[in-house]
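Written below as structure tokens is the structure these notes are about.
Order of the sequence lines sets the chain letters (A, B, ...), proteins ahead of strands, with each chain counted from 1.
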Amino acid sequence: MNTLTKYVATFVLALIAFSATANDTVDAYAEYGPRDGRTWGLKARVGYVIGGTLPIPLPAEIRSINRFRPNGGFSFGIDGYKQFDKRWGIMGGVHFFLEGMSTGADVKNYHMGISMGEDYMEGQFTGVDITDVRMSGLTIPVTATFRINPRWTVNLGPYMNVLFNGDFGGSVYDGYLRVGDPTGEKILISKENPATYDFGDDMRTLQFGVQAGFEWKATRTIGIFGQLDWGVTDVFKSDFETVDFPMYPVYGTVGVTYSLY
Amino acid sequence: MTKRLFALFLVCAALTSCIQDEPLNSECDIETCRVVMDDPLAVFYSESDAVASVLSVDTIIAFSTREKANRDLLKSVALELQITPGATVVPASGSVQDFSGEGVHYTVTSQDGRWKRTYLVRFVPKESLNPKFDFEDVELEPNKQKYYQWFAYDNSGVRQDLWATGNSGFALSRSSAKPMEYPTIPWEDVVNVYDDQGNPVSKKSVKLETCDTGGFGAMVNMRLAAGNLFLGTFDTANALVDAMAATRFGVPVNRFPDRFRGYYKFKPGARFQDRAGKTVEGVVDAPDAYAVLYRNTDKDGNPVILKGDDVLTHANIVAMARVENFLHTGVEPGDPWKYFDLELEYKEDKNYELLYNYGYNLTVVFSSSVKGAEFEGAVGSIFLVDEAEIVFE
């Protein structure tokens, strides 16, 4: 979480610094705020999602990440918000997301245990690990909003993910497995005949995390937003022991908002 | 666009800033072991016998010497060891040791200091194969006691570990299997043959059964494991990369084989499947049993070992006998044993000088599915074998 705090702090400070020069009058707040003098409103959003599902911090066994490709990420949704005063407010919504990633990593002595029914294999793998993740579902965030200036708003708060569909698969190859421990039997695994895995069924349906974001209003109706969803629950069910370390979803979204009402 | 780059930056920072320092190596293997000697042929039959490539499971490294090699030559011998990078070995590689006795222990410690392996390096006279394959001498593999392995004794009562199975490969895929659930197991239904006093000769036969390898097998596209038993070694390291290379057939012999004999029972499994696990209609599984003699060096003196893909076709093959047209005898105790007695057909002249220098390897192979090496066959095919033998000239 320290890493998270650090990034969020940097992010917020950067925005404040950026906004220091902006015009800061009550009229301007109204100009970019809810319509008709209301204190609440509705907005739709659509965005591009990029990110990864990864162990945090990365264990020393991961030596390098050679390939990273987002898997077709986008989200759209609707939010309602309420201003309490000029600066503070609250926002909540429902966003559909489709996100994922494909990575290729070099690993060394990467401990893995895999169970198949009643059979179990564990050992240390050294070689290439390819991971493919795809998730779709709904994000339900409830965040506090703070208007730094008339056009810039930042928000921070918890969210809940409800997964409709989760794929978590991949393969290991170009290396070898030492069965049990580093003195165990050495099994070579080639690219031509990789060992594949699929843990999609072991993914948790309900996930929680923290969302931090900003919005910049280009006009009263249209804005540009960016947000970071940082998962704090392991994407796998608690009884899932194959992957030794918890994996967290960390996904960023950039896109456009449109004030509906 | 700048916002997108910003988000990208955040993710990349999260991904890359956390790559930690490389951990030290944990492995501690002797990978190869070479005898450094002025005149290796004084001790060995061939120079290739002075080099051992060590399998990851080996804890004993045995160099096969000439039967009557002068043990005094082994009193001061240096071994050149290739070990895991960063690891250390005691005694050191290149140091002179006395191998005239029971052997020398080498201990390798991993670079991170957390793991150790100890190897025993011995020099033993080359064994002359016990040609009676009665399958009476069987034990659980000593490390983990998960599956059976077969051995025998030579004329002077020295133990020979010349038989191999694919059981260690099956152990990887079916960790929950009990010893008697493996593809190759000892069996109590035996051939009724009696010695001169009228006592039954055989107490155990061997049962080979084609087994499903479960989820892990499917993961590596190797859905079944035929029961097999053969003269040679099984290199588990290659079981996934190149299954054909895992079965290393043959042991050196110093006599020419004439005949291959034995008893079997067979019952095919119900459903023949291809490598993808799909049913192949109209195909009935068959077992396999053969003996192959081959020259164990090439023209340049390099060692030749026949493997799964060339054991029946290699140019070095000198003689062969293979059982054809297996009967479906059934495999219950009341079902009849079928006897086979085949002559090995030689396709080239016998070279006795080569023979006396252990220049020929012999393998005898039994398998419950003839295409088991390609992971095709019928799960449940059962092949019982008992009282087999090679008759030497």
Part of [X] lying under 4.5 Å from any heavy atom of chain B:
X      : result
A:E185 : both
A:P194 : backbone
A:Y173 : neither

Taking atom [atom1] of [X] as the centre, does the number of heavy atoms from other residues, nucleotides or ligands within less than 6.0 Å exceed 12?
X      : atom1 : value
B:F151 : CZ    : yes
A:R63  : CZ    : yes
A:K43  : NZ    : yes

Can you tell which part of [X] gets under 4.5 Å to a heavy atom of chain A, answering side chain, backbone, both or neither?
X      : value
B:N25  : both
B:T84  : neither
B:D21  : backbone
B:V57  : side chain
B:L55  : neither
B:R117 : side chain

Using a cut-off of under 4.5 Å on heavy-atom pairs, state which of A:G123, A:S64, A:A60 scores highest against chain B. A:A60
Close side-chain approach of B:S26 and A:Q124, heavy atoms under 4.5 Å: no
Is there side-chain contact between B:S173 and A:D119, with at least one heavy-atom pair below 4.5 Å?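 Result no, sub-4.5 Å side-chain heavy-atom pair not found.
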With sequence neighbours left out, what residues match A:T233 under side-chain hydrogen bond (donor to acceptor under 3.5 Å, both in side chains)? none
Atom pair CG (A:L177) and OG (B:S56), whose distance is rounded to the nearest 0.5 Å: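 Separation between the atoms: 10.5 Å.
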Nearest 0.5 Å, what's the OG1-CZ distance between A:T183 and B:R114? 11.5 Å
B:Q20 side chain vs A:L58 backbone, donor-acceptor pair below 3.5 Å: yes
Pick from B:G214, B:S110, B:S175 with the largest number of heavy-atom pairs that fall under 4.5 Å of chain A: B:S175
Greatest number of non-hydrogen atom pairs under 4.5 angstrom with chain A, of B:G215, B:S176, B:A218, falls to B:S176
Salt bridge (charged side-chain N to carboxylate O under 4.0 Å, His left out) partners of B:E27, counting only residues at least two apart: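 For B:E27 the salt bridge (charged side-chain N to carboxylate O under 4.0 Å, His left out) partners, ignoring immediate neighbours, are A:R178.
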Closest approach of B:L24 to A:K108 (non-hydrogen atoms, all atoms of both residues): C-NZ, 4.1 Å
